[in-house]
Amino acid sequence: MLEQLLAGLSEILTVERMLFALLGCFLGTFFGVLPGLGPVTAIAVLFPITTHLDPLSGIVMLAAIYYGGMYGGSTTAVLVNIPGEVASLPAALEGYPMTRRGRAGAALAVAAISSFTAGIIGSLGVMILGPSLAHMALAFGPPERLGLVIFALTAVAGLISGSMFKGLAMAVLGILLSVVGYDMISGDQVMTGGTWTLAQGFAIVPVMIGLFGIGEILKTLITKGQDATPAPLGKLMPTKGELKASAAPTARGTGQGFFLGLIPGMLPSVMALLSYSWERQRAEKKGSSKFGNGDIRGIAGPEAANNGAAMGGFVPLLSLGIPTGPSMALVLAALMVYGLTPGPTMFTENSTFTSGIVVSFLVANVILLVLNLPLVPMWARLARVPFHVMGPVVLMLCLVGAYLDRNSMFDIVVCLGAGLVALLFHKASLPLAPLVMGFILGPMLQETLRQSVSMSSTFYVERPIFMVFAGVAVLTIGWSIWRAQRQASAVRRESEPV
Amino acid sequence: MTLKQKWGLSWGELVVTILIAGGGLYAIADGYRLLTWGTPAASWTATYIASAGVILVLLAVASLLPFSRRAASTSITSKVADDVLDDAGTSSQEPVLDEEVPPRVARSLLVRTTALLTGWVLMLPLIGYIAATALFLIAYGILVSRRRVVTTLVFAAIATAASTGIFLAVGIRLPMGSIF
């Protein structure tokens with residue numbers, strides 16, 4: 001592992017790549033600080049820019065954007081009580097009371113240190129677990145890969161969306177969108193309506209930018225701006241007591257986040273909230289809870305869990321080619337644009353490059369820690385700028401990003417259309433994550449299904465690993481429907497007159 | 001009686017579901033077209049998209065079931081977030097979550113933003129990135145943000161220059177117009 005680390009470091013530690021990492025951290029934090037936008041939007045908007053760099057520099061910048069986006073949300077949550085996205089809710093609940101006591105600096109430092117620790121341990125986890133999983137996956141044939149895709153799609157549809165039917169409908173819609181264009185086998189046009197424009201198919205980049213960039217920005221534009229008055233930072237250095245109190249929650253959050261983050265659908269934001277809930281229960285049991293009034297444990301645990309889950313998601317992504325949620329789907333899309341195919345060969349044939357990717361996570365974490373704390377006052381001021389000032393500029397970045405992929409005006413139209421559709425889906429409580437997963441995994445599903453059927457028409461009862469994945473997928477569907485029905489009955493009982 | 005009062009279903013929800021089901025029907029029709037008039041090699045793809053279409057229509061209809069609609073608004077993330085906020089009820093100050101503006105204002109904001117974005121898309125091939133972006137930002141500042149003209153002009157100039165600078169710094173060739 002040490003050899004891998006050194007090989008990766010030698011690839012990454014160049015002046016040019018460090019500058020890209022710095023720029024990525026800065027831009028990512030900028031997006032994270034803007035209300036309503038988080039790491040997913042930051043990646044969606046900025047990854048087309050990174051595709052103009054060489055693949056490793058692109059990945060370095062992308063990793064820095066991702067971590068910057070995550071840290072930016074916590075900054076505004078702590079300083080001005082505006083959690084840009086759900087994952088930063090714990091930081092607002094415990095960080096803002098600390099800010100009011102003049103301990104904002106310490107809260108931000110603990111958030112940064114916890115994230116940093118989880119990022120470093122998580123990166124090592126990727127290096128240890130990734131190759132083992134990749135070697136195991138090398139034995140997978142088409143039926144096993146098909147089972148994995150079905151499992152990933154149902155897990156995301158069931159866990160991320162409240163309604164399994166809606167989630168699966170969106171996944172199938174994504175799968176159908178991915179087949180628009182020329183059929184790979186016959187060369188016939190599929191679902192194009194006979195138009196040449198649609199025959200080129202929907203490219204990943206404009207669709208992603210539209211759904212997660214334009215859609216989120218339009219959603220944010222129609223929200224009320226909040227008046228936020230940042231409080232003074234106070235001392236940046238946490239006290240010995242604060243550091244001691246945050247050590248165990250950081251360790252727990254890292255472990256919980258990393259291992260649960262390996263499962264598709266267990267998003268970093270969910271892990272941050274679960275960690276907050278668990279830390280609160282633990283403190284209440286001990287009788288030492290100050291939760292709700294600025295308990296440092298409520299910042300350290302969730303921040304570590306958030307980053308740990310983000311790192312955990314890279315294991316199935318890099319070793320199996322399976323994203324665990326929207327942000328990983330975007331990273332997968334970026335890797336595909338760079339010409340890389342995530343999967344077992346990433347750890348066997350491209351091991352030096354993959355080490356470079358993992359080291360880039362380490363580097364991004366270090367840069368973030370060094371860069372962001374001194375810049376906190378600037379981010380706090382930026383959080384006060386009304387979104388309708390920055391929003392249009394970000395919209396422009398999105399549309400140009402969509403154009404860059406193929407220099408096509410059609411892609412700009414697709415991007416704008418996808419943004420409006422995303423807004424419509426939001427209004428109808430339809431989740432976007434399964435749609436994106438279906439769109440990205442669609443070609444793999446089609447190919448593995450075709451190969452599996454060609455191998456044997458009864459493959460589904462002959463391959464035990466496929467049967468396990470399919471069984472878990474069926475259980476996930478059953479559990480989601482049972483959960484929805486139970487919830488509906490509970491609501492009905494509550495609304496009935498006593 | 002509105003649709004919402006009768007079935008607890010909003011018009012938006014119904015329209016989107018019908019559109020999704022329509023997408024499924026289109027996939028079935030295109031699968032049939034490929035099977036009938038396509039090359040023999042396309043039969044597998046035809047069956048694949050037609051099957052996906054059937055599943056999509058069934059799922060779209062099932063998603064209208066009352067328990068499914070109710071569950072849709074409570075994803076695991078929002079459920080855990082609600083629990084966390086409920087537990088934090090003792091907190092002296094709850095986090096400020098963004099609220100939507102009144103529907104009429106939101107509609108007007110959306111229409112104006114979309115119209116300006118469409119204008120930008122149409123102008124881009126004619127006048128190029130720099131001019132189209134500057135014009136878009138000026139129009140946006142005056143018509144949507146309702147800022148002062150001088151502030152808008154200064155902001156448009158700075159934002160256009162900064163974004164152009166970043167794109168050029170990473171080696172991106174921006175769209176040039178056919179007029180300029």
Side-chain angles (χ1 to χ4, degrees), chain A residues 35-36 49 52-53 81-83 86 89 92-93 97 159-163 165-166 168-169 172-173 175-176 179 183 185-186 188 190-191 221-224 226 269-270 273-274 276-277 280 292 388 392-393 395-397 403-404 409 412 416 424-425 427-430 446 450 484-485 487-488 491, chain B residues 12-13 16 20 23 27 30 34 38-39 41-42 44-45 48-49 52 55-56 59-60 62-63 66-68 70-77 80-81 83-84 87-88 90-93 95-96 98-101 106 109-110 113-114 117 121 125 129 133 137 140 144-145 159 163 170-172 175:
Chain A
I49 297 176
H52 282 253
L53 310 173
N81 208 22
I82 299 175
V86 184
L89 199 57
L93 286 169
L159 288 174
I160 293 181
S161 54
S163 156
F165 293 133
K166 287 196 172 190
L168 283 180
V172 177
L173 186 66
I175 290 167
L176 281 174
V179 297
D183 179 32
I185 302 162
S186 63
D188 283 289
V190 180
M191 294 180 67
L221 275 172
I222 54 170
T223 55
K224 274 180 192 164
Q226 305 288 345
S269 53
V270 177
L273 293 170
L274 285 176
Y276 178 81
S277 196
R280 188 184 181 110
H388 61 80
V393 181
L395 280 172
M396 290 296 94
L397 288 178
Y403 172 84
L404 293 177
M409 286 305 289
I412 292 187
L416 190 55
L424 203 64
F425 284 170
K427 289 275 169 208
S429 303
L430 286 161
Q446 189 182 3
R450 191 171 45 78
Q485 266 180 331
Q487 221 166 11
V491 172
Chain B
E13 223 176 330
V16 172
I20 290 175
D30 206 57
L34 272 177
T39 56
W44 195 90
T45 307
Y48 176 77
I49 60 164
I55 295 171
L56 184 58
L59 285 169
S63 72
F67 81 89
S68 170
R70 232 168 269 143
S73 53
T74 53
S75 66
I76 297 244
T77 315
V80 182
D83 289 348
V84 164
D87 287 346
T90 52
S91 171
S92 49
Q93 188 161 1
V96 183
D98 283 341
E99 292 168 34
E100 290 203 352
V101 295
L109 268 173
L110 257 183
T113 306
T114 311
L117 280 173
V121 172
Y129 173 80
T133 301
L137 292 176
Y140 194 95
V144 183
S145 304
S163 63
V170 287
I172 290 167

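The sequence lines fix the lettering, A, B, ..., with proteins before strands; numbering per chain opens at 1.
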Chemist: Tell me, side chain or backbone of Leu416(A) under 4.5 Å from chain B's heavy atoms, or both, or neither?
Modeler: side chain
Chemist: Is Val179(A) in contact with chain B via its backbone, its side chain, both, or neither, using a 4.5 Å heavy-atom distance?
Modeler: side chain
Chemist: Of all heavy-atom pairs between Lys166(A) and Ser63(B), which one has the smallest distance, and what is that distance?
Modeler: CG-CB, 3.5 Å
Chemist: With a 4.5 angstrom heavy-atom cut-off, could you sort out which part of Val121(B) is near chain A: side chain, backbone, both or neither?
Modeler: both
Chemist: Under a 4.5 Å heavy-atom cut-off, does chain B meet the side chain of Met409(A), its backbone, both or neither?
Modeler: side chain
Chemist: If you count heavy-atom pairs within less than 4.5 Å of chain B, which of Leu176(A), Val393(A), Ile185(A) leads?
Modeler: Leu176(A)
Chemist: Side chain to side chain donor-acceptor pair (under 3.5 Å) with Tyr48(B): which residues, sequence neighbours excluded?
Modeler: none
Chemist: Please classify the contact of Ile49(B) with chain A as side chain, backbone, both or neither, using a heavy-atom distance under 4.5 Å.
Modeler: both
Chemist: State which residues pass side chain to side chain donor-acceptor pair (under 3.5 Å) with Thr113(B); sequence neighbours excluded, sorted by chain then number.
Modeler: none
Chemist: Mind ranking Leu397(A), Asp188(A), Val190(A) by heavy-atom pairs under 4.5 Å with chain B and telling me who comes out on top?
Modeler: Asp188(A)
Chemist: Are the side chains of Thr45(B) and Gln446(A) in contact, using a 4.5 Å heavy-atom criterion?
Modeler: yes
Chemist: Heavy-atom distances under 4.5 Å only: say whether Leu424(A) touches chain B with side chain, backbone, both or neither.
Modeler: both
Chemist: Within the 4.5 Å heavy-atom criterion, are Asp183(A) and Leu34(B) side-chain neighbours or not?
Modeler: no
Chemist: If you take all heavy atoms of Ser186(A) and Thr39(B), which pair is closest and at what distance?
Modeler: CB-OG1, 3.4 Å
